[in-house]
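Take a look at the structure set out below.
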Amino acid sequence: MTQINQLFKLAARPVGLPKRSDWSFEEATVAPPADGQILVRVTHISLDPAMRGWMNDARSYIAPVALGEVMRAGGGGEVIASRNPKFAVGDQVVGVFGVQRYALSDGKGVDKVDTSLVPLPVYIGTLGMPGMTAYFGLLDVGELQDGDTVVVSGAAGAVGSVVGQVAKIKGCKVIGIAGGADKCRYLVDELGFDAAIDYKAQDLKKALREHCPKGMNVFFDNVGGEILDSALTCLARGARIVICGAISQYNNTTAVKGPSNYLSLLVYRASMKGMVVFDYASRYGEAMREMAGWMAAGKLKSREHIVEGLETFPDALLKLFAGENTGKLVLKVG
Ligand code: NAP
């Protein structure tokens, strides 16, 4: 039977927040897999803040999406035809399949997952790229130590919620920064954070000083801008600042706001280091095994925020920038 693909291609480089006309929504006949290829029916698409950066024609850790190319996105689905000996029809897989219903792949970077253990969206969230980011960003880049006070921004999101929980599992004091009372309640009541600060309603610098009287040892930053600048006023000696992301700056039409309080790094002998999760690809297995164990033991909770309908993609992506998601934002293709 001939399948009709539906896909979003990048049509224009956005200025500020992306809009629907920055993509074209198209249909095409699905070609059968060539020798070595698999055909995947994509069921879930990962919506990630990084997708905004991939739309810019700028030098980065990965090439930009070209105009006219299918919008890049991680995701998961089912193998429905295979001419690759490593995959069989019916396999559940995750990989970078793009914003489309069907994807042909040579199998490189595609992993089989066992959906009898946890549902597929967990493999693109807590046990996927965001979870890996949290794990290696905190333990490796952040060099977490016993008894540390850890502060994480974007704390109720896919990466931040895992950062805080892993730090708690490791016996640290954890303070989350998030937007809104509901998210803050979720962090403390459901995820076991020691405290949460609503940056939209509270004086962030003051609240940080109250919760971290001796300063913070690790600041895991997902947000950048004003929040990073405020965190720099509350460091402990030897603090490690993990630059994971700067979502507050991704849609800027003016220059990125840099930290004016950076001399705190000098005063507190602190360090600030960027990370890209893909550098840890060879160690994902190690992290997945440990995190799956924590999940099975009820120590690590995973929350997915699922929206439905491929055609809603342009609006669904914006939820990340409006703070409408709690946990990992996933688009169910439908
Ligand atoms: P997420 O946190 O699940 O979703 C984004 C959240 O960011 C929103 O829910 C919102 O929460 C917050 N936000 C949006 N605009 C904001 C603003 N102007 N100021 C403050 N907060 C804002 O997203 P994620 O997938 O976990 O990604 C989190 C960060 O990690 C992003 O910066 C992303 O680029 C980065 N990341 C980096 C790597 C890497 O390898 N370096 C890998 C994955 C992700 P509130 O309601 O709390 O504002």
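Everything numeric here is computed off the predicted structure, so don't read it as measured data. Start at 1 and go down the list; that is how both ligands and their atoms are numbered.
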Option from Arg13, Met71, Arg52, Met51 for which side chain to side chain contact (heavy atoms under 4.5 Å, CB included) with Pro18 holds: Arg52

Atom indices of ligand 1 within 4.0 angstrom of Ser248 heavy atoms, with elements: 17 (C), 18 (N), 19 (N)

Enumerated ligand 1 atoms positioned under 4.0 Å from heavy atoms of Tyr199: 19 (N), 20 (C), 21 (N), 22 (C), 45 (P), 47 (O), 48 (O)

Atoms of ligand 1 close to Phe321 [distance to a heavy atom under 4.0 angstrom, numbered from 1]: 14 (C), 15 (N)

Option set Asp198, Leu329, Val276, Leu320, criterion heavy-atom distance to atom 8 (C) of ligand 1, minimum: Leu320

Enumerated ligand 1 atoms positioned under 4.0 Å from heavy atoms of Cys244: 30 (O), 35 (C), 36 (N), 37 (C), 38 (C), 39 (C), 41 (N)

Val277 neighbourhood, listing ligand 1 atoms whose heavy-atom distance to it stays under 4.0 Å: 39 (C), 40 (O)

Atoms of ligand 1, numbered as shown, that sit under 4.0 Å from any heavy atom of Gly327: 3 (O)

Where ligand 1 meets Pro49 - atom numbers and elements under 4.0 angstrom, heavy-atom basis: 23 (O), 24 (P), 25 (O), 27 (O), 31 (C), 33 (C), 34 (O)

Per-residue contact class, Thr133 against ligand 1 - non-hydrogen pairs under 4.0 Å: side chain

For ligand 1, the portion of Pro130 having any non-hydrogen atom under 4.0 Å away: neither

Tyr61 heavy atom under 4.0 Å from ligand 1: no

Whether Ala246 lies under 4.0 Å from ligand 1, heavy atom: yes

Within-cut-off N or O pair, Met275 and ligand 1, under 3.5 Å: yes

Those atoms of ligand 1 less than 4.0 Å from some heavy atom in Ala178: 47 (O)

Lys328 contact mode with ligand 1 (heavy-atom cut-off under 4.0 Å): neither

